[in-house]
Amino acid sequence: MAEITKSYEARDVEQKWYAAWQQAKAFEGVVDASRAPYSIVIPPPNVTGVLTMGHVLNNTLQDVLIRRARIEGKSAMWLPGTDHAGIATQTVVERELRKQKKTRHDFGREKFVEKVWDWRHEKGGIILEQLRRLGASCDWDRTAFTMDPAYSKRVLHVFVELFKRGHIYRGKRMVNWCPASLTALSDEEVIMKPVNSTMYRVRYELAAEPGRFIEVKTTRPETIPGDVAIAVHPDDPRYSSLIGQKVRRPIGPAAEIPIIADQAVDKEFGSGALKITPAHDRVDYEIGLRHKLPVIDVLEANGSLNAEAGEDLAGLDRFAGRKKAAELLKANGALVAEEAYANNVGYSERADVPIEPRLTEQWWLRYPKVEEAKAAVRDGHIKFHPERWSKVYLHWLENIQDWCISRQLWWGHRIPVWYRQGADRSDPKNWHVSIDGPADPQNWEQESDVLDTWASSWIWPMATMGWPDEGTMKRDGFDYFYPTSTLVTGPDIIFFWVARMIMAGLEFVRPGEPIERRIPFKDVYFTGIIRDQQGRKMSKSLGNSPDPLDLIATYGADGLRFGIISIAPQGQDIRFQEDRIESGKNFCNKLWNACRFRQMSGEAADNSSLAAIVSRLEPPRFDGDDHAILDRLLVTTREVERCFREFEFSAAVQALYGFFWNDFCDWYVEVSKSKLQSEETRGNCLAIQDLVLRQTLLQLHPFIPFITEELWSLLGYAQPGAFLQSARIEDPAQLSASLEQRGVSLNRALIEAVDHLKTFVSQARALKAEHNLASRRDVKFLVTAGDPAWATLHASTGKLIRIVGAAELTRRDVVDGAPAVVTPLGTLYLDLASTVDVGAEKVRLTKELEAIKKHIGGTEARLSNEAFVSKAPPAVLAGARKQLADQQAKRDELARLLGSL
RNA sequence: GGACGCUUAGCUCAGUUGGUUAGAGCACCUCGCUUACACCGAGGGUGUCGGGGGUUCGAGUCCCUCAGCGUCCACCA
């Protein structure tokens with residue numbers, strides 16, 4: 001067996017094992033009726049994306065779940081893939097073209113799409129390579145892409161089906177238009193941002209009464225040429241006499257427009273009069289419809305003003321036009337005032353420019369299975385973790401609006417609708433809707449729009465497993481792996497993705513079967529968002545995110561994984577701190593060295609199975625430390641199991657950290673150093689170490705797969721040719737049963753005595769430190785103790801001397817004038833009577849005595865409270881009484897010590 | 001305007017169903033290369049658990065309220 005080196009070098013180990021895992025197809029998800037399935041589909045990252053800290057957290061968690069499922073004996077399958085990310089990817093490629101002074105129109109649709117494919121082949125999938133570096137155990141043979149030919153066909157199938165079922169329609173409506181990307185967006189892709197803008201107070205002159213005006217407030221004077229009315233509230237007494245009159249449009253093509261009355265106007269806002277521009281505002285559009293007003297669109301698709309705006313404004317960008325319009329208004333006396341004004345403006349999520357409400361023909365989806373999607377979560381068929389997100393989900397579904405699914409892009413799934421040449425496109429009779437198109441394509445013209453990216457990823461859990469084709473479903477194990485087990489994602493895409501996947505699953509999978517067979521996943525774990533030190537979201541554009549690959553280089557993939565999990569408690573946003581990643585690395589090194597200590601401590605024994613190790617235990621030779629460490633192992637195993645059940649991964653990592661570092665390394669390994677020197681206790685001690693290390697490696701493996709795999713092999717736990725992940729982890733009951741079978745019965749009294757010994761050791765060390773003897777190993781200790789306490793100390797004297805760093809520990813009946821400390825196992829003295837500084841010692845003891853008196857006061861007060869004594873549970877009451885007795889004993893001893901000085 | 005979250009040590013944060021003297025990592029100070037580990041060991045914490053009120057024998061934990069920060073939803077020009 002290879003020797004364990006002095007420190008853990010991650011790089012070589014990681015490369016070696018990942019290659020070995022892949023070679024052995026260890027991540028393959030296989031259909032196995034004898035085992036329970038456990039499946040996860042990856043939230044597909046953008047195909048052109050690179051790994052961010054968010055991805056690290058998200059994918060580490062998925063890998064933890066998948067690897068834990070594997071060692072629990074489930075047939076685990078983690079399906080990877082990428083998303084074509086319509087707008088984002090097209091924008092990236094267009095940006096590249098712009099460097100060559102070209103636009104997509106220079107190439108035409110077909111050539112441009114080819115260019116995007118080239119880009120995808122060159123740069124796409126980098127992120128999947130990066131996931132391998134992180135250790136992600138995906139079934140790479142299943143890697144999917146939303147633009148794969150087979151996947152695309154499934155996307156179109158869904159469109160065609162929903163069209164047939166009456167859920168899809170075409171219509172001219174107000175949409176969110178992005179003047180930069182030149183496409184419509186869904187409501188979810190619009191982000192409201194507070195903006196410092198200007199409010200313009202503008203007066204319109206009455207046509208019939210020159211010199212009399214009506215005033216309105218607007219932030220968008222450039223749209224005044226598109227005004228077709230002024231609206232006031234019907235009950236507003238200020239204006240009732242004006243309703244029906246006409247005013248002159250102050251700029252733009254001259255026109256007289258009516259003053260109308262509409263309930264939608266807020267009397268309290270501004271002057272109570274509202275200019276109506278149906279082409280450029282949703283409310284105005286609705287009002288226009290009610291009053292049958294004309295629509296005058298003064299903007300081009302790119303946001304510049306067109307001829308309708310009049311010759312002064314035509315051709316200007318909307319922002320330049322706004323300034324110009326204000327100047328024109330000022331020049332002709334219509335501008336009453338300009339006021340600074342803070343309002344919210346909708347921005348395009350991707351392009352980060354203000355969107356325009358714009359009237360266009362688009363394709364719309366009336367969501368299917370809305371009610372059932374609510375029930376799925378409300379009734380617990382799908383569980384959200386943390387649960388509170390279900391409220392957000394339900395609220396969105398309660399207020400759901402039809403989904404604009406068409407995008408005026410080239411990169412994406414072209415909508416499978418054909419229009420008869422030369423016929424009226426608005427009439428569905430002239431439409432052909434199918435996956436493959438009409439038989440006589442020369443007579444038809446295909447819709448040029450593509451589908452919203454989310455209208456392809458919403459079928460991800462089904463379509464990546466072959467749906468709807470029965471043959472591919474069988475090949476991919478659809479029946480076995482669907483519904484998937486857990487979805488791990490961010491709460492920011494509850495609407496975009498999670499809710500829509502649920503509706504798609506319910507609509508299309510296994511029609512007629514119970515809801516729990518049709519949902520796409522059973523649990524959804526929402527991660528927190530990783531933020532920087534200032535609390536800003538980490539993002540590429542801000543450049544405030546460390547490169548995960550740099551972190552892997554510095555701390556190892558395991559260090560990064562351990563660190564990121566330990567700072568990510570359930571569902572809370574996290575402020576990233578690199579020192580936590582460093583502590584992940586340090587933990588790996590600690591693990592490495594504890595195993596190294598085991599290897600250096602003695603010959604390898606039979607570690608081939610839990611049974612083999614347990615059979616090496618010698619219960620009759622157990623001392624308190626053996627009982628205590630096995631007890632802690634069992635407690636920790638139970639805790640980790642609970643954490644997995646309740647999706648508390650950082651708590652699991654913390655439990656393992658504390659157990660391994662504090663209970664095992666700081667105590668058991670230290671006491672082992674004595675035990676190993678005696679032939680009598682040596683074999684048993686090594687067996688216990690082997691047992692603890694084995695169960696610890698198993699439990700840590702999902703979090704830190706590389707180093708655990710390496711140590712598993714180095715310490716001889718591995719079956720020939722098998723990986724750690726193909727071992728089976730014992731649950732707490734199995735572990736405890738296995739110990740019982742060997743005759744191990746954990747002794748509570750001995751375990752409690754170990755706690756006392758630990759306290760004794762700390763106090764002894766502190767006593768040394770206070771007298772500047774911390775590093776001396778030749779200190780003589782004296783102790784006055786009752787027989788039971790002395791029995792405990794005496795049984796451990798060898799270990800204690802070693803751990804405390806003492807020359808000897810001797811029992812005395814009386815000690816006077818020496819520095820002392822009162823421990824649970826008697827009063828401990830430094831044999832320094834001659835040199836003690838009585839004054840300092842008095843101060844220290846007095847301080848301690850005061851403190852204990854204070855505590856006694858508190859405990860006595862509680863115990864003398866009649867209500868407490870009669871109402872508190874017996875265990876709490878007994879605890880308080882024992883506490884008081886202990887405190888009083890300590891007080892008396894301290895008082896005696898003080899008196900003897 | 002609604003909804004949700006957060007406020008605990010210098011910093012970043014744990015604290016599951018209320019129960020002894022509220023914890024961790026980092027930072028900081030002192031000492032130490034004692035035969036696993038200096039990526040380490042030992043010792044070192046006077047915290048108004050954001051403020052106020054309430055329920056309870058008992059509140060960091062439950063309820064009410066106020067304040068600050070953050071996120072999401074919402075067509076007020």
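Just so it is clear, the structure is predicted and the values come from calculations on it, not from any experiment. Proteins get letters first, then strands, A, B, ... in listed order; numbering begins at 1 in each.
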Scan A:Arg282 against the nucleic acid and name what it touches under 4.0 Å (heavy atoms): base, sugar-phosphate only, or nothing. nothing

Tell me if the side-chain of A:Lys391 makes a donor-acceptor pair with the base of B:C4, cut-off 3.5 Å, by modelled atom types. no

B:A3 OP1/OP2 closer than 4.0 Å to side-chain N/O of A:Trp389: no

May I ask you to say what A:Lys6 touches in the nucleic acid, namely base, sugar-phosphate or nothing, with a heavy-atom cut-off under 4.0 Å? sugar-phosphate

Output the rounded distance in Å from CD (A:Glu215) to P (B:A77). 17 Å

Is NZ or CZ of A:Lys673 both nearer than 6.0 Å to the six-membered ring centre of A:Phe597 and within 45° of the ring axis? yes

B:C69 -> Watson-Crick or G-U wobble partner, both distances under 3.5 Å, gives B:G5

Find which nucleotide of RNA chain B each of A:Cys595 and A:Val869 is nearest to by heavy atoms, and output the residue with the more 5' nucleotide. A:Cys595

Separation of B:G70 C1' from A:Arg531 CZ (nearest whole Å): 7 Å

Below the 4.0 Å mark, does B:C13 have OP1 or OP2 next to a side-chain nitrogen or oxygen of A:Arg575? yes

Short question: side chain of A:Thr759, backbone of A:Asp755 - any donor-acceptor pair under 3.5 Å? yes

Where each residue is assigned the nucleotide of RNA chain B containing its nearest heavy atom, which of A:Gln763 and A:Pro873 is assigned the position nearer the 5′ end? A:Pro873

Rounded to the nearest angstrom, tell me the gap between atom CZ in A:Arg580 and atom C1' in B:A24. 7 Å

With both distances kept under 3.5 Å, what pairs with B:G10, Watson-Crick or G-U wobble? B:C26

Please determine, for the side chain of A:Asn589, which listed nucleotide (B:C39, B:A14, B:A36) has the closest atom? B:C39

Could you tell me the Watson-Crick or G-U partner of B:C49, where both distances fall under 3.5 Å? Say none if there is no partner. none

Just by modelled atom types, is the A:Ala806 backbone N or O under 3.5 Å from a matching donor or acceptor in the A:Arg802 side chain? no

Ignoring hydrogens and angles, answer whether the base of B:A36 and the side-chain atoms of A:Glu670 contain a donor-acceptor pair closer than 3.5 Å. yes

cation_pi(A:Arg632, A:Trp667) dist<6.0 Å, angle<=45: no

Does any nucleotide pair with B:U16 by Watson-Crick or G-U wobble geometry, both distances under 3.5 Å, and what is it? none

A:Phe495 and A:Trp396: aromatic ring centres closer than 6.0 Å? yes

Separation of the P atoms in B:C57 and B:C26, to the nearest angstrom: 43 Å

Have a look at A:Arg598 and say if it touches a base, only the backbone sugar-phosphate, or nothing, with a 4.0 Å heavy-atom cut-off. nothing

Once you apply a heavy-atom cut-off of 4.0 Å, does A:Glu866 come out as touching a base, just sugar-phosphate, or nothing? nothing

Between A:Phe576 (CZ) and B:G25 (P), how many Å, whole number? 19 Å

So A:Asp579, base contact, sugar-phosphate only, or nothing? Heavy-atom distance under 4.0 Å. sugar-phosphate

At 4.0 Å (heavy atoms only), tell me whether A:Ala594 reaches a base, stays on the sugar-phosphate, or touches nothing. base

Under 4.0 Å between any heavy atoms, over every strand shown, what does A:Cys588 touch: base, sugar-phosphate, or nothing? Just pick one. nothing

Base, sugar-phosphate, or nothing: which does A:Arg802 touch, judged by heavy atoms less than 4.0 Å apart? base

At under 4.0 Å between heavy atoms, what does A:Thr218 touch on the DNA or RNA strands: base, sugar-phosphate, or nothing? sugar-phosphate

Within this structure, what is the CD-to-P distance between A:Glu648 and B:A24, rounded to whole angstrom? 19 Å

Look at all strands and tell whether A:Tyr341 reaches a base, only sugar-phosphate, or nothing, counting heavy atoms closer than 4.0 Å. sugar-phosphate

Categorize A:Pro357 for me: base, sugar-phosphate, or nothing, with a 4.0 angstrom heavy-atom threshold over every strand shown. nothing

At under 4.0 Å between heavy atoms, what does A:Asn344 touch on the DNA or RNA strands: base, sugar-phosphate, or nothing? base

Determine the contact category for A:Val669: base if any of its heavy atoms lies under 4.0 Å from a base atom, sugar-phosphate if only primed atoms, P, OP1 or OP2 are that close, otherwise nothing. base

A:Glu9 side chain: which of B:A36, B:C39, B:C4 is closest? B:C39

Quick check on B:C76: is either OP1 or OP2 less than 4.0 Å from any side-chain nitrogen or oxygen of A:Lys217? no

When the ring centroid of A:Phe644 is compared with that of A:Phe703, is the distance short of 6.0 Å? yes

Tell me the partner of B:C62, counting only Watson-Crick (N1-N3 plus N6-O4 or O6-N4) or G-U wobble (N1-O2 and O6-N3) with both under 3.5 Å; none if nothing fits. B:G54

Do we see a donor-acceptor contact under 3.5 Å between the side chains of A:Ser186 and A:Glu189? yes

Over all strands shown, is A:Phe495 touching base, sugar-phosphate only, or nothing at heavy-atom distances under 4.0 angstrom? sugar-phosphate

If I pick the C1' atom on B:U35 and the same atom on B:C29, what distance separates them, to the nearest angstrom? 30 Å

May I have the distance from A:Glu578 (atom CD) to B:C39 (atom P), rounded to whole angstrom? 16 Å

Given that both distances must come in under 3.5 Å, which nucleotide forms a Watson-Crick or G-U wobble pair with B:C40? B:G32

Rounded distance in Å - OH (A:Tyr285) to C1' (B:A77): 19 Å

State whether the number of non-hydrogen atoms from other residues, nucleotides or ligands found under 6.0 Å of A:Asn399 atom CG is greater than 12. yes

Proximity to the side chain of A:Lys871 - top-ranked nucleotide from B:U21, B:G41, B:U56: B:U56

